Amino acid sequence: MTIQKYTVQHLEQIIDVPMDKIEEALEVPPDRSLGDLAFPCFILAKKLKTSPVQIARTLAGRLKDSKSFERVEAVGPYLNLFLPKQQLTEEVITEILRKGKSYGDETVNKGTITIDLSSPNIAKPFSMGHLRSTVIGNSIANIASKKGYQPIRINHLGDWGTQFGKLMVAYNKWGDEAAVKKSPIKELNTLYVKYHEEVKGNPDLDDEGRQWFKKLEDGDEEARKLWTWFREESLKEFQKIYDLLDVQFDSMHGEAFYNDKMKPVVEELNERNLLKESEGAMVVDLSEFELPPALIQKKDGASLYATRDLAAAQYRKATYQFARSLYVVGHEQSLHFEQVKKVLLKMGYTWADDMEHIPFGMILQDGKKMSTRKGKTVLLEEVLNQTIQQAKKSIESKNPTLEKKEKIAEMVGVGAVIFNDLKQSRLNSVEFDIESMLRFEGETGPYVQYTYARACTLLAKGDWDVDKNSGTNDVEEPYLWEIIMTLEKFPGTVERALHEYEPSILSRFLIELSRYFNQYYGKVRILGGTEEEQMARLNIVKAVTIVLEEGLRLLGIKAPEKM
RNA sequence: GGCCCCGUAGCUCAGUGGAUAGAGCGUCGGUUUCCUAAACCGUGCGUCGCAGGUUCGAUUCCUGCCGGGGCCGCCA
């Protein structure tokens with residue numbers, strides 16, 4: 001039983017308010033000495049036509065002899081409760097030790113949830129922006145899975161569009177096969193940047209680019225060959241990053257996959273009389289929703305972004321029968337997803353209401369959007385290499401005898417980058433700052449990992465054993481109750497992170513738990529004393545490692561037992 | 001011009017319809033014969049952007065304004 005539930009259950013007998021209302025009102029007092037939990041009596045004031053101060057006093061009087069609370073005090077309008085810490089501590093720890101990793105799991109099946117994430121553009125470097133989508137989406141997938149959904153991770157690759165025509169022009173004019181083979185993304189990106197420089201003085205290039213893309217769409221052999229080659233080389237490079245991040249996808253269907261699936265969509269729109277000609281293009285009018293029209297077809301008949309996403313949405317519904325469908329894409333595309341959803345609703349697909357855009361803020365450089373075309377991109381691979389190097393340096397100076405240094409440096413370096421991203425609220429724009437990722441102190445991934453490693457060392461040295469996990473904790477030890485309260489919040493925190501699609505809620509929780517544990521560690525000698533005492537303390541340590549490891553896993557971060 | 005996001009400590013950012021608004025970084029100082037100092041402890045005089053409104057109570061909800069960013073037809 002959770003601490004909140006315990007309290008609610010015992011309050012319910014004397015307060016005539018529905019249990020969920022009581023639970024909602026309960027709060028942690030600003031100062032520990034005031035109590036463990038408090039019930040503000042304002043919500044009763046109107047109903048009872050009495051001052052909240054008086055109500056608190058009355059309730060305190062009625063609870064005076066209750067065995068459920070150690071002590072009850074009325075302070076102003078607050079009813080302050082002192083809980084039976086001994087009993088609750090035991091209950092919380094026992095539950096976590098019994099459930100292990102599955103602590104906080106939801107067992108009811110909530111159906112399939114598709115998650116559109118990562119989606120880098122072929123032939124372009126994997127940028128920091130795509131990192132955000134990848135780690136946020138992956139974490140939401142992990143969290144959804146813990147809470148009873150079957151996540152389907154879809155990498156909607158940007159592998160189609162006019163830019164490939166442009167790239168082919170550039171490659172044919174200035175490209176070098178050997179150079180591309182050697183370093184595909186870098187070379188192709190250089191070509192792409194060069195193209196955008198050259199086009200300024202030679203606008204005819206754009207026509208050539210469009211022609212090449214048209215050839216590609218028409219199945220021209222040479223164009224097709226180049227496209228396949230660019231795509232394969234790009235995927236190989238991306239795979240290195242996905243391996244480092246340890247992210248796997250259930251589907252790699254990119255935009256090109258929907259090539260033959262767009263025509264039926266356009267036809268369907270036509271049949272339903274939803275298409276309208278406007279300035280030569282075909283659009284769906286959305287003025288009833290106070291939105292600008294959705295562009296479905298260019299005047300030359302070619303498809304557009306929205307067309308592809310309509311086809312993709314239908315395909316996903318048909319293939320996966322999703323209960324929910326998420327799109328982890330930058331917030332600058334909010335309008336687009338709103339339009340797609342509304343078009344589907346106009347088509348009569350009520351399941352479009354289960355689709356949700358999960359936007360996130362941009363990565364800025366000098367306060368501005370990064371531009372691929374100008375070559376102003378920060379490459380994720382380079383960033384990861386730097387942080388891994390930094391981790392290696394730290395290990396050399398702090399723990400030179402550590403085994404498997406390379407492996408652990410990778411866990412720490414990659415963890416630092418992922419955590420640095422996931423601790424931000426999704427929607428905040430962030431200034432790209434390599435320094436903040438290279439710092440392993442304070443509110444960082446390595447801080448949480450370090451806390452975990454320290455705790456693991458204690459378990460090893462103290463010879464913790466499941467079968468010996470008896471012993472009674474001294475609940476008056478500093479920070480122990482804070483640890484218990486925090487551990488107990490874990491299932492609810494994961495739930496909230498899913499409900500808000502906000503991994504940062506979980507990141508901050510892990511920082512809080514780590515801090516309390518480090519404070520406890522600093523004040524209380526864990527190994528030593530009687531065997532009973534040591535085992536009781538190690539049970540706390542074990543519970544902390546379970547929650548830290550599982551929490552990090554949900555964020556997509558590895559937890560090293562030593563570092 | 002319309003719509004969306006953001007505005008809290010020197011910096012980066014949490015937070016909440018309620019009791020004295022918090023963390024990290026940075027500054028200065030301290031802690032190791034003892035479990036990993038990637039840690040811990042101490043050190044903060046904040047108009048919670050501004051102005052109204054709702055409320056017993058607003059930094060939190062609503063409206064307007066100001067400032068920053070984004071999106072708004074043939075890119076994705």
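Just so we're on the same page: letters track the sequence lines, and every chain starts at 1. Remember, predicted model here, so these are calculated numbers, not experimental data.
When the salt bridge (charged side-chain N to carboxylate O under 4.0 Å, His left out) test is applied to A:K461, no partner is found at least two apart in sequence or on another chain. By the salt bridge (charged side-chain N to carboxylate O under 4.0 Å, His left out) test, A:D421 pairs with A:R132, sequence neighbours left out. In this view, A:E477 and A:R537 satisfy the salt bridge (charged side-chain N to carboxylate O under 4.0 Å, His left out) rule, not counting sequence neighbours. Not counting sequence neighbours, the partners of A:Y258 by the ring pair (Phe, Tyr, Trp, His ring centres under 6.0 Å) test are A:H156, A:Y315. In this structure, A:R439 has no side-chain hydrogen bond (donor to acceptor under 3.5 Å, both in side chains) partners at least two apart in sequence or on a different chain. A:R525 meets the salt bridge (charged side-chain N to carboxylate O under 4.0 Å, His left out) test with no other residue; sequence neighbours excluded.
Across B:rU8 and B:rG1, the matching C1' atoms stand 31 Å from one another, rounded to whole Å. Across the C1' atoms, B:rC41 and B:rG24 are found 16 Å apart, a figure rounded to whole Å.
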Distances under 3.5 Å between protein N/O atoms and the N/O atoms of nucleotides 53-59 of chain B, please, pair by pair.
none

N/O contacts under 3.5 Å, protein versus nucleotides 1-6 of chain B?
none

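A syn orientation is assigned to B:rG73, its glycosidic angle lying within 90° of 0.
Of the candidates B:rG70, B:rC74, B:rA19, the closest approach to any side-chain atom of A:E332 belongs to B:rG70. The A:Q163 side chain lies nearest to B:rA76 when the options are B:rC25, B:rA76, B:rC74. Looking at the side chain of A:E279, the nearest of the listed nucleotides B:rA19, B:rG70, B:rC74 is B:rC74.
The stretch residues 39-60 of chain A participates, sequence neighbours left out, in these ring-ring contact (aromatic ring centres under 6.0 Å, His included) pairs: A:F42-A:Y78.
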Please list every donor-acceptor pair under 3.5 Å in which a side-chain atom of residues 160-167 of chain A meets a protein atom from a residue at least two apart or in another chain.
residue	atom	partner	partner atom	Å
A:W160	NE1	A:E217	OE2	3.2
A:W160	NE1	A:N259	OD1	3.1

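Where A:V430 and A:Y305 meet RNA chain B, the nucleotide closest to each residue was compared, and A:V430 sits on the side nearer the 5' end.
A sub-4.0 Å separation between OP1 or OP2 of B:rG24 and a side-chain N or O of A:K423 is absent. For A:S425 and B:rC13, the shortest distance from a side-chain N or O to OP1 or OP2 is not below 4.0 Å.
In RNA chain B, consecutive stretches of 3 or more Watson-Crick or G-U wobble pairs with both distances under 3.5 Å are given as paired ranges: B:1-7 with B:66-72, B:10-13 with B:22-25, B:28-31 with B:39-42, B:49-53 with B:61-65.
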Between protein and nucleotides 35-46 of chain B, map the contacts as a letter string: B base, S sugar-phosphate only, - none, heavy atoms under 4.0 Å, written 5' to 3'.
BBSBSSS-----
Would A:R71 and A:N80 count as a side chain to side chain donor-acceptor pair (under 3.5 Å) here? Give the steps.
CA-CA 8 Å; A:R71 198 148 51 91; A:N80 290 339; over 6 Å; no
